[in-house]
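For reference, the structure discussed in these notes is given below.
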Amino acid sequence: MSEPAHSPALDFRAFVARLLADGDAIVVDRPVDPHLEVGAVTRRAYETAAPAPLFTSLTSGAPGCRILGAPAGLNRDAEGRYGRLAAHLGLDRRAGAREIVERLVTAMHAEPVPPRVVATGPCKQNVLTGARVDLERFPVPLLHQEDGGRYFGTYGFHVVRTPDGSWTSWSVARTMLRDATSLVGPAMPQQHLGVVREQWLRRGERMPWAMVLGAPPAALAAAGMPLPEGVSEDGYVGALTGVPVEVVRAETNDLLVPANAEIVLEGWVEAGELALEGPMGEYHGYAFPEGKLQPVFHVEAVTFRDEPILPVCAAGLPPEENHTIWGTMISAAALDVLRRAGLPVDFAWCSYEAATCWIVVSVERARRSEFAMSDNKLTELIAETLFASHAGWLVPKVIVVDDDIDITDVSQVVWALATRHHPQTGTRLHPDTPGIPMVPYLTAAEAEAGRGGKSVTNCLLPQGFRGRTASFAGSFPAELQQRVLADWTAYGFPAA
């Protein structure tokens, strides 16, 4: 199914309108201060599964500027729990976790649809260059009281291209406001932003750069997906939505950016230049007391829509966008890696509650006998395959269960961990395996080396296990189950 060029998946402004129409967002028209108040309201929205707040009366920033908090937070009602995430991909708000992930995997195997270059677009409604650039005109929020500065980019992506022009990468990474014309933020060497930056560093040249805020939602999701190195996200977005994403040339360099973005920053990254960034409340739910030296992003042009909307992720305790978007995209990439390896894997899911620190993999019980190996060896093979991939680099812990467990329900995962994992034989450590250095429990040496803190946990039912699940679905005849469901309100219970 193809999405129209200005559908919610491809146009952030249409996305916001859909959320408002669906009740997945609300307008906050009373005065709100970007200094901590925006962050506090957004955090409260995550933690109560409330609608996304659209702040329309901010006490700082140019008149007309708006902020959308919690753009991919979860919803309280079970039917539309993933509604905002589904809207990113052009799916019905009632889409479930499996439908969302399978849509992403299918697009990975579809023919890429290159972007369509257009002469201009809404992102060019306002163009500021040179001395007119002033990032302070936007309501850049201080999101947590522990943060080392105000963060402009918490829900946007960088656009960079290799020096030979062969690969354009859209990469999600945060940026902190440094001054009126520059930002500072991480570009880890293992991430694609860092991979491209390293190529420019080796040449001793500044890297042309752009950052897109209020991007087409499907493009933001793709930018957060661990696609293979060398794969351009713009073609994947076309495959995902069925139509080319519209892009326009930047004002000051040859990079192409989404034509209907809310805000586009353009400039360069000087080879070797670093400045202090952070600290910031992190996706794993902690805030640390010190920042780090990170690359500086110089801004020489800003283009933006009239009355621009700046999307904001107030990172911290799950679930927020680092878990709902990033975790879901990792799940899809991991599932594809395991399936392509021929393993008997039914599904893979980064439990949002685990802060993208574990991924659960369910195994098809009917196919386990095809593999002439013990359960521990099968579990280890799954881990080795996953840890060798970019998706597996991002998640330190793998939990393997049978497919009778709904791995999108964390309570079932906890039950499996408690009753099926043998503490003496069921865990295998991977102390020398590379991994993301941001995991809180890593030692200083492990974080510095980018290795360690990884494991796989076997929660497969032992071969020959004769028990069965004692539950409503497992312990009663199907006819009786149907009658109980039909009579549920007659018993005096509220409708399920």
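Both backbone and side-chain heavy atoms feed into the values below; hydrogens, waters and symmetry mates do not.
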Between [atom1] of [X] and [atom2] of [Y], what distance do you get to the nearest 0.5 Å?
X	Y	atom1	atom2	result
His323	Tyr283	NE2	OH	8.0 Å
Met280	Leu142	CE	CG	10.0 Å
Thr408	Trp349	OG1	CH2	6.5 Å
Ile330	Leu335	CD1	CG	13.5 Å
His158	Ser169	NE2	OG	10.0 Å
Cys313	Leu220	SG	CG	10.0 Å

Note to self: Go through it in stages, so that I can follow the logic: the residues are Arg339 and Glu102, the test is salt bridge (charged side-chain N to carboxylate O under 4.0 Å, His left out), and I'd like the CA-CA distance, side-chain angles, deciding distance and then a yes or no.
What the structure shows: CA-CA 12 Å; Arg339 283 178 174 171; Glu102 294 290 4; 2.7 Å; yes

Checklist line | Criterion side-chain contact (heavy atoms from CB on, under 4.5 Å) on Val361 and Val398, from CA distance to verdict | finding: CA-CA 7 Å; Val361 177; Val398 178; 4.2 Å; yes

Around [X], counting heavy atoms of other residues, nucleotides and ligands shown, do more than 12 lie under 6.0 Å from its [atom1]?
X	atom1	answer
Tyr441	OH	yes
Glu370	CD	yes
Arg44	CZ	no

Notebook entry, point to check: In terms of ring plane angle, is the pair Trp170 and Phe157 parallel, tilted or perpendicular, where the classes change at 30° and 60°?
Noted result: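 Trp170 and Phe157: parallel rings.
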
Notebook entry, point to check: Do the ring planes of Trp488 and Phe493 sit parallel (below 30°), tilted (30 to 60°) or perpendicular (above 60°)?
Noted result: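 Ring orientation of Trp488 relative to Phe493: parallel.
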
Do side-chain atoms of [X] reach the backbone of [Y] as a donor and acceptor pair under 3.5 angstrom?
X	Y	answer
His284	Cys357	no
Lys454	Gly392	yes
Glu364	Ala366	no
Asp147	Gly281	yes
Trp358	Cys350	no
Arg150	Pro139	no
Ser351	Glu353	no
Thr427	Ser455	no
Gln481	Ala473	yes
Thr42	Ala70	no

Can you name the nearest heavy-atom pair linking [X] to [Y], along with the distance?
X	Y	result
His88	Ile325	CD2-CD1, 3.8 Å
Val395	Ile359	CG1-N, 3.5 Å
Pro396	Gly453	CB-O, 3.6 Å
Arg93	Asp77	NH1-OD2, 3.6 Å
Tyr82	Leu74	CD2-CD2, 4.0 Å
His421	Cys459	CB-SG, 3.8 Å

State whether [X] and [Y] are salt-bridged, where the test is any N-O pair (Lys NZ or Arg NE/NH1/NH2 against Asp/Glu carboxylate O) under 4.0 Å.
X	Y	result
Asp11	Arg13	no
Arg420	Asp404	yes
Arg483	Asp487	no
Arg368	Asp403	no

With heavy-atom distances below 4.5 Å as the criterion, would you say the side chains of [X] and [Y] are in contact?
X	Y	result
Glu380	Val456	yes
Val410	Val360	no
Ile100	Ser331	no
Leu394	Pro226	yes

Next item on the list: State which residue, out of Ile26, Val27, Val32, fulfils the side chain to side chain contact (heavy atoms under 4.5 Å, CB included) condition with Asp29.
Entry: Val27

Check: Can you list the steps and then say if Glu321 with Tyr46 is a side chain to side chain donor-acceptor pair (under 3.5 Å)?
Finding: CA-CA 10 Å; Glu321 286 73 23; Tyr46 291 131; 2.3 Å; yes

Go through the side-chain N and O atoms of [X] and [Y] and say whether any donor and acceptor fall under 3.5 Å apart.
X	Y	value
Asn458	Asp375	no
Glu277	Tyr151	yes
Thr469	Ser471	no

Next item on the list: Determine, step by step, whether Thr328 and Tyr352 satisfy the side chain to side chain donor-acceptor pair (under 3.5 Å) criterion, reporting the C-alpha distance in whole Å, the side-chain angles of both residues, the deciding distance to 0.1 Å, and the verdict.
Entry: CA-CA 9 Å; Thr328 302; Tyr352 294 161; 2.7 Å; yes

Next item on the list: Please lay out, stage by stage, how Glu282 and His144 fare under the test side chain to side chain donor-acceptor pair (under 3.5 Å).
Entry: CA-CA 10 Å; Glu282 299 278 7; His144 318 81; over 6 Å; no

